[in-house]
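Working notes, structure below.
This chain uses plain numbering: 1 for the first residue, then up along the sequence. Indexing begins at 1, ligand by ligand and atom by atom, following the structure's order. Small disclaimer: the values here were computed from a predicted structure and weren't measured.
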Amino acid sequence: MTIETTNTVYVLNGPNLNLLGTREPEIYGSDTLDDIAGMLEDRARELGLEIDMRQTNHEGMLVDWLHEAQAEGARAVLLNAAAYTHTSIALLDAIKAIRTPVIEVHLSDPMTREAFRHTSYVGMGAVECVSGHGAKSYLIALDTAANQ
Ligand code: DQA
């Protein structure tokens, strides 16, 4: 069955990102997830895209949402899987199981942080990674999604 691709980009956020704004602002900045959603919606409008922004603290929910992204014909997924980036083979398998392109996003640059953040299972399946630009990482990733 062929699924028609829509103009919707899923923006999936993993654990602890609901606390953005107050969570270690020296690392993650002072923008809240709602602030980021607002910036993404403005940019999406310019690009003729729609944003479906979500956050969960639960790994399996991210797996379900990746499946849903394909079933709903999402153009692409921006995925900040937060700490699950570095631990979740289930997320890697989900990314590989769908044809929807997944773009890995991080506010910080995990590669310049603790060694346990240097492995990215998400990155093993993602088409691209944007990290280290704070909230702007999401906007850069959205521009990439527009070309998918
Ligand atoms: C993060 C980086 C991860 O290493 C960390 O576990 C996070 C946030 C980021 O956006 O910089 O929770 O994904």
key: 4.5 Å side-chain heavy-atom contact, Asp52 and Val9   = no
task = Answer whether the closest heavy-atom distance between the side chains of Arg117 and Thr85 falls below 4.5 Å.
result =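 Side chain of Arg117 against side chain of Thr85, heavy atoms only: no contact under 4.5 Å found.
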request  = Please name all residues satisfying side chain to side chain contact (heavy atoms under 4.5 Å, CB included) with Asn7, sequence neighbours left out, ordered by chain then number.
outcome  =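 If we apply the side chain to side chain contact (heavy atoms under 4.5 Å, CB included) test to Asn7, skipping adjacent residues, the hits are Leu49, Arg75.
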task = Identify, with sequence neighbours excluded, every residue that meets side chain to side chain contact (heavy atoms under 4.5 Å, CB included) alongside Ser88.
result = Glu59, Tyr84, Ala90, Leu91
inquiry  = Using only atom types and a distance under 3.5 Å, with no angle test, would you say the side chain of His106 pairs donor to acceptor with the backbone of Ala81?
reply    = no
query = Taking only residues two or more places apart in sequence or in another chain, which ones pass salt bridge (charged side-chain N to carboxylate O under 4.0 Å, His left out) with Asp143?
reply = Arg43
Between ligand 1 and the protein, find all N/O pairs closer than 3.5 Å and give the distance for each.
unit_1: ligand 1; atom_1: 4 (O); unit_2: His86; atom_2: NE2; d: 2.7
unit_1: ligand 1; atom_1: 4 (O); unit_2: Arg117; atom_2: NH1; d: 3.0
unit_1: ligand 1; atom_1: 6 (O); unit_2: Ala83; atom_2: N; d: 3.2
unit_1: ligand 1; atom_1: 6 (O); unit_2: Arg117; atom_2: NH1; d: 3.0
unit_1: ligand 1; atom_1: 10 (O); unit_2: Asn80; atom_2: ND2; d: 2.9
unit_1: ligand 1; atom_1: 10 (O); unit_2: Leu107; atom_2: N; d: 2.8
unit_1: ligand 1; atom_1: 11 (O); unit_2: Leu107; atom_2: N; d: 3.3
unit_1: ligand 1; atom_1: 11 (O); unit_2: Ser108; atom_2: N; d: 2.8
unit_1: ligand 1; atom_1: 11 (O); unit_2: Ser108; atom_2: OG; d: 2.6
unit_1: ligand 1; atom_1: 12 (O); unit_2: Arg23; atom_2: NH1; d: 3.1
unit_1: ligand 1; atom_1: 12 (O); unit_2: Arg23; atom_2: NH2; d: 2.9
unit_1: ligand 1; atom_1: 13 (O); unit_2: Asn80; atom_2: OD1; d: 2.8
unit_1: ligand 1; atom_1: 13 (O); unit_2: His106; atom_2: ND1; d: 2.8

